[in-house]
Amino acid sequence: MPSDNFYQKVYEVARKIPYGRVTSYGAIAKAIGAAKSARMVGYAMNGAAAMQDVPAHRVVNRNGLLTGKHHFSGTHLMQQLLESEGVMVEDDKVQNFKTSFWDPMCDC
DNA sequence: TCCGTGACAGTGT
DNA sequence: AACACTGCCACGG
């Protein structure tokens, strides 16, 4: 249904996230044209987590904090995945977030 | 149909 | 600089 369009857009953007990179919910929301619906992005990610095509673990809040790690199977699964990709994570927080950050709109 | 909830973000104090 | 409050919109009950 049309409502899936929103999710579809979120998934589409999230799927574009390069390996070893991370982005914020707000950035994705803005990319899909729903800058004011950053929360919805996270909500959509809930379903995205079940999708292998959508690396939801690469999506964090604007603070670089792994707020959604609690929704993953393991407590540190999200962190483990990020570290596995070369993203330095400490205390559920992405280090060098500024450098590891990837802007979906600036898909350079 | 109405109310509550939530993986955020921005602004105010 | 840190904490608190509000706005936002989709989904479930």
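Note that the structure is a prediction, hence the values are computed from the model and not measured. Per chain, numbering begins at 1; letters A, B, ... match sequence-line order.
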Give A/Ala34 one of three labels, base, sugar-phosphate or nothing, depending on what nucleic acid heavy atoms sit under 4.0 Å from its own.
nothing

Taking NZ in A/Lys30 as the centre, count heavy atoms belonging to other residues, nucleotides or ligands within less than 6.0 Å. Is the count above 12?
no

Here the distance between atom P of B/dA9 and atom CG of A/Asn63, to the nearest Å, is 8 Å

C/dA10 base / A/Tyr43 side chain donor-acceptor hit below 3.5 Å:
no

Rounding to a whole Å, what distance do you find between A/Lys30:NZ and B/dC8:C1'?
14 Å

Whole angstroms only, please: what is the NZ-P distance between A/Lys69 and B/dA7?
14 Å

Taking all atoms of both residues into account, what is the closest heavy-atom pair of A/Pro104 and A/Thr23, and its distance?
CD-OG1, 3.6 Å

Atom pair distance, as rounded to whole Å: CG in A/Asn46 and P in B/dT5
17 Å

Taken to the nearest whole Å, CZ/A/Phe97 to C1'/B/dA9 is 12 Å

Is any side-chain N of the basic residue among A/Lys69 and A/Asp92 closer than 4.0 Å to the acidic one's carboxylate O?
yes

Report yes if some heavy atom in the side chain of A/His57 is under 4.5 Å from a heavy atom in the side chain of A/Glu85; otherwise report no.
yes

Check every strand shown and say whether A/Ala49 touches a base, only sugar-phosphate, or nothing at a heavy-atom separation below 4.0 Å.
base

Of B/dA9, B/dA7, C/dC11, the nucleotide closest to the side chain of A/Tyr7 is C/dC11

Who are the ring-ring contact (aromatic ring centres under 6.0 Å, His included) partners of A/Phe97, not counting sequence neighbours?
A/Phe101

Under 4.0 Å between a side-chain N or O of A/Thr67 and OP1 or OP2 of B/dC8?
yes

What is the distance, to the nearest angstrom, from the NZ atom on A/Lys36 to the P atom on C/dA10?
13 Å

Nearest-nucleotide comparison on DNA chain B, the residue closer to the 5′ end among A/Ala27 and A/Met40:
A/Met40

To the nearest angstrom, the CZ-P distance between A/Arg39 and C/dC9 comes to 12 Å

Over all strands shown, is A/Asn61 touching base, sugar-phosphate only, or nothing at heavy-atom distances under 4.0 angstrom?
sugar-phosphate

In this structure, how many angstroms lie between the P atom of C/dC9 and the NZ atom of A/Lys9, rounded?
16 Å

Of the options B/dC8, C/dC8, B/dA7, whose atoms approach the side-chain atoms of A/Phe72 most closely?
B/dA7

What contact category does A/Arg62 fall into here, base, sugar-phosphate, or nothing, at under 4.0 angstrom with non-hydrogen atoms?
sugar-phosphate

